[in-house]
Amino acid sequence: MDINAVMKHKTALDWAVGFGQEEMVHRLLGRSAIPSAATLAAAREYLVHHPECRRKTERIAVALLAVDVVPGTDQEPGMGAGNLA
């Protein structure tokens, strides 16, 4: 099974971030899921709809940014860093 397969225009990582599933995000990243700028956008969107979950969303963003994805680009991991805000 391809951990980075796309389902309905999103990867499993995008779905996990979009639903605020912190543990699943860590599991997917641990299995070499590749985050993209769209993944960070999903974290931002989750925060907009669930402001009470700011700390959890920030922990998710930190995990994504540890793989060095630049927000607003389709840049591959390892090529830079950004922030959630």
Side-chain angles (χ1 to χ4, degrees):
M1 175 179 222
D2 180 6
I3 195 95
N4 295 303
V6 176
M7 303 162 283
K8 295 186 179 184
H9 308 290
K10 296 181 182 182
T11 65
L13 184 59
D14 295 334
W15 286 107
V17 169
F19 284 105
Q21 298 297 312
E22 184 179 0
E23 183 178 336
M24 183 57 71
V25 168
H26 287 285
R27 285 177 179 233
L28 290 166
L29 290 173
R31 295 185 59 104
S32 301
I34 301 171
S36 67
T39 312
L40 285 174
R44 277 191 216 98
E45 187 69 21
Y46 182 81
L47 183 58
V48 167
H49 295 292
H50 303 280
E52 71 281 2
C53 297
R54 178 170 273 293
R55 286 189 179 185
K56 176 173 68 171
T57 307
E58 287 173 349
R59 289 190 303 266
I60 289 171
V62 166
L64 296 173
L65 292 171
V67 203
D68 293 331
V69 175
V70 175
T73 70
D74 290 326
Q75 181 176 337
E76 291 296 317
M79 304 294 292
N83 60 43
L84 184 62

**Q.** Distance in Å, S32 OG paired with L13 CG, rounded so as to fall on 0.5 Å steps
**A.** 11.5 Å
Q: Hey, could you give me each pair passing ring-ring contact (aromatic ring centres under 6.0 Å, His included) that has a residue in residues 31-65? Not counting sequence neighbours.
A: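 Only Y46-H50 qualify under ring-ring contact (aromatic ring centres under 6.0 Å, His included).
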**Q.** Within one Ile-Leu-Val-Met-Phe-Trp-Tyr cluster: M24 and I3, side-chain cutoff 4.5 Å
**A.** yes
Q | Connected-component partners of F19 among ILVMFWY, side-chain separation under 4.5 Å | A | M7, W15
Q: Please name all residues satisfying side-chain contact (heavy atoms from CB on, under 4.5 Å) with R59, sequence neighbours left out, ordered by chain then number.
A: E22, R55, K56
Q: Please list, chain by chain and in numerical order, all residues satisfying side-chain contact (heavy atoms from CB on, under 4.5 Å) with A42, sequence neighbours excluded.
A: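 Partners of A42 by the side-chain contact (heavy atoms from CB on, under 4.5 Å) criterion, ordered by chain and then number, come out as V17.
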Q.
Among residues at least two apart in sequence or on other chains, which ones pass ring pair (Phe, Tyr, Trp, His ring centres under 6.0 Å) with H26?
A. none
Q: If a pair satisfies salt bridge (charged side-chain N to carboxylate O under 4.0 Å, His left out) and one of its residues is in residues 4-19, list it, with sequence neighbours excluded.
A: none
Q: Using the side-chain contact (heavy atoms from CB on, under 4.5 Å) rule, pick out the option among L28, L29, L40 that qualifies with P35.
A: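 Among L28, L29, L40, the one meeting side-chain contact (heavy atoms from CB on, under 4.5 Å) with P35 is L29.
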Q. Any side-chain heavy atom of V25 within less than 4.5 Å of one from T39?
A.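 No, every pair of side-chain atoms sits at 4.5 Å or beyond.
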Q.
So, using salt bridge (Lys or Arg N to Asp or Glu O under 4.0 Å) as the criterion, who are the partners of R27 when residues are at least two apart?
A. E23
